[in-house]
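The next block holds one structure in the form of structure tokens; read it before the comments.
Here is how names work: the chains are called A, B, and so on, in the same order as the sequence lines, proteins then strands, and each is numbered from 1.
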Protein chains: 2
Amino acid sequence: MPAHEHPARPKRRDAALNSERLVQAAREVFARQGLSATLEDIAEQAGVGVGTVYRNFASKREIVETLYDEAIDSALADVRSALEIDDPWSAVVTFFEVTAASQARDRGLSETLLGHGGLGPRADTAEKLVATLTPLFDRAVTAGVLRAGVTTTDVLPLFAMLNAVYGMSDANPDLWRRYLALLLDGLRATDRPALPVPALDLASFTAAFSAGA
Amino acid sequence: MPAHEHPARPKRRDAALNSERLVQAAREVFARQGLSATLEDIAEQAGVGVGTVYRNFASKREIVETLYDEAIDSALADVRSALEIDDPWSAVVTFFEVTAASQARDRGLSETLLGHGGLGPRADTAEKLVATLTPLFDRAVTAGVLRAGVTTTDVLPLFAMLNAVYGMSDANPDLWRRYLALLLDGLRATDRPALPVPALDLASFTAAFSAGA
DNA sequence: TCGTAACCGGAATATCTTATTCCGCTTACG
DNA sequence: CGTAAGCGGAATAAGATATTCCGGTTACGA
């Protein structure tokens, strides 16, 4: 908020409370149901009427932007903090596990990052993502722990795949870990033949990343 | 068509032609765009008006049923024909490749099988699917080529994952093969630790299978 | 070549869904 | 207490898309 804000009269106490409740409710509902959740779902979760939603946000889009604006930065931060792990392979594994765990926990987040919601990631995000991932992957390649041919552009398809499993079974919320383990085994250096079909090139990656579904 | 059909007067030639065109058009459009394709898309592809669609089918649902009624049986047939391959591991690989290839080629098909369209698979289909897959997997286990703990219920998540990649890049229509290879490597017997998190049990599998998205 | 029943195209209509607006009623608080 | 800030939620606006309808065409048998 602008620094020159009129301290004016503060919000009425009940209004301020509703405001907080709404943000919290939006987080929970989007996390559980994804970005296609209804404003009425959110209002109900917050225990208020839809009118109150609009007294706090100009539109649904604004709510989504408010909540997930830093989503991508946060994902990039996960990459960087994985780089602090000494063992190159552990770092890769940790990156995937931490990132996937956030997405499994928050369907709105994964939709935002995969562009399945309305507003796809901004155009330059793809490049930034690749740039950030490069050190992590390079180090693993140098150490000889990453399978030949695996590149940074593989992460989009890999997360898209995991995304398909997140909510599959209410009884097994951690089911995705099983398939992530499978994928990581395939990603690890082996004496097996190289993968068929090359990874996406940068152009295709960017296109796919900005496309969504 | 009933055997006691009045030979009556045959359809007008143009009408018969349109009929064929429509079925063909529906196949193409559903394959390309998935079951959410519009009846108008189909009519346009066939070069007719929407009215004509309704002179041939009572509803959109009927079109989908007509086209994908045998989809599941066909998938089951793929399993059985994979069983005719002598090498147990090749059989598993072939099953995945053949089945995934059909689905990559036809988005309507994969949506039907994964229940992403309107009409999910019928209730008893899950059991039938598991029953059919069992010999294929059992043989691979006996031969010691399948990783410990991998079961028939893994196929649903695995195909769901592949489904997320099928249309990802127009420039690389075969990209899915790259990730299928990765998954198959993980599925193959190794001396690596067992997978974390068990596979779905039958009840969860059935539930997930009938759920869709 | 005609007459006409069978067919057509595609605009109009019926439904749904969900975002967004509005307004009469409440309530916090000076 | 008075009243402006807030509120709930019905009403409205819009966008999709399945389905219906009907005036205009066309195949085809006589």
Query raised in the report: Has B:Gln24 got more than 12 heavy atoms of other residues, nucleotides or ligands less than 6.0 Å from its CD?
Result: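 Buried by this count: over 12 neighbours within 6.0 Å.
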Query raised in the report: In this structure, are over 12 heavy atoms from other groups packed under 6.0 Å from B:Glu127 atom CD?
Result: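 For B:Glu127, atom CD is not crowded (no more than 12 foreign heavy atoms under 6.0 Å).
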Requested in this report: Name the residue closer to the 5' end of DNA chain D, choosing between A:Gly49 and B:Lys11 according to the nucleotide with the nearest heavy atom.
Outcome: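 Looking at the nearest nucleotide for each, A:Gly49 comes out on the 5' side.
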Requested in this report: Examine the base of C:dG9 for any acceptor or donor lying under 3.5 Å from a partner atom in the side chain of B:Arg55, and report the outcome as yes or no.
Outcome: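 Present.
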Could you tell me how far apart [X] ([atom1]) and [N] ([atom2]) are, to the nearest whole angstrom?
X       : N      : atom1 : atom2 : result
B:Ile42 : C:dG9  : CD1   : P     : 15 Å
A:Leu39 : C:dT17 : CG    : C1'   : 12 Å
A:Ile63 : C:dT18 : CD1   : P     : 15 Å
A:Asn56 : D:dC7  : CG    : C1'   : 11 Å

Nearest of [options] to any side-chain atom of [X]?
X       : options                : answer
B:Asp14 : C:dT18, C:dC7, D:dA18  : C:dC7
A:Val48 : C:dT20, D:dG8, C:dA28  : D:dG8
B:Val50 : C:dG10, D:dA18, C:dT18 : C:dG10
A:Lys60 : D:dC7, C:dT20, D:dT19  : C:dT20
B:Tyr54 : D:dT19, C:dA19, D:dC28 : D:dT19
A:Ser59 : C:dT20, C:dC8, D:dC7   : C:dT20

Report task. Tell me whether the OP1 or OP2 atom of C:dC29 has a side-chain N or O from A:Arg13 closer than 4.0 Å. Result ->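 Indeed, a polar side-chain atom of A:Arg13 lies that close.
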Requested in this report: Using a cut-off of strictly less than 4.0 Å, decide whether B:Asn18 has a side-chain nitrogen or oxygen near OP1 or OP2 of C:dC8.
Outcome: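 The answer is yes; a side-chain N or O of B:Asn18 sits under 4.0 Å from OP1 or OP2.
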Report task. Using the six-membered ring wherever Trp is involved, compare the ring planes of A:Phe95 and A:Phe159 and label them parallel, tilted or perpendicular (cut-offs 30° and 60°). Result ->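 Ring orientation of A:Phe95 relative to A:Phe159: perpendicular.
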Report task. Check the side chains of A:Ser19 and A:Asn56 for a donor-acceptor pair under 3.5 angstrom, ignoring hydrogens and angles. Result ->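 Checked: A:Asn56/A:Ser19 side chains pair up, N/O donor to acceptor below 3.5 Å.
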**Report entry** Test side chain to side chain contact (heavy atoms under 4.5 Å, CB included) applied to B:Ser169 and A:Leu156, A:Asp201, A:Thr153, A:Leu200, the passing residue
**Finding:**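 Exactly one candidate clears the test, A:Leu200.
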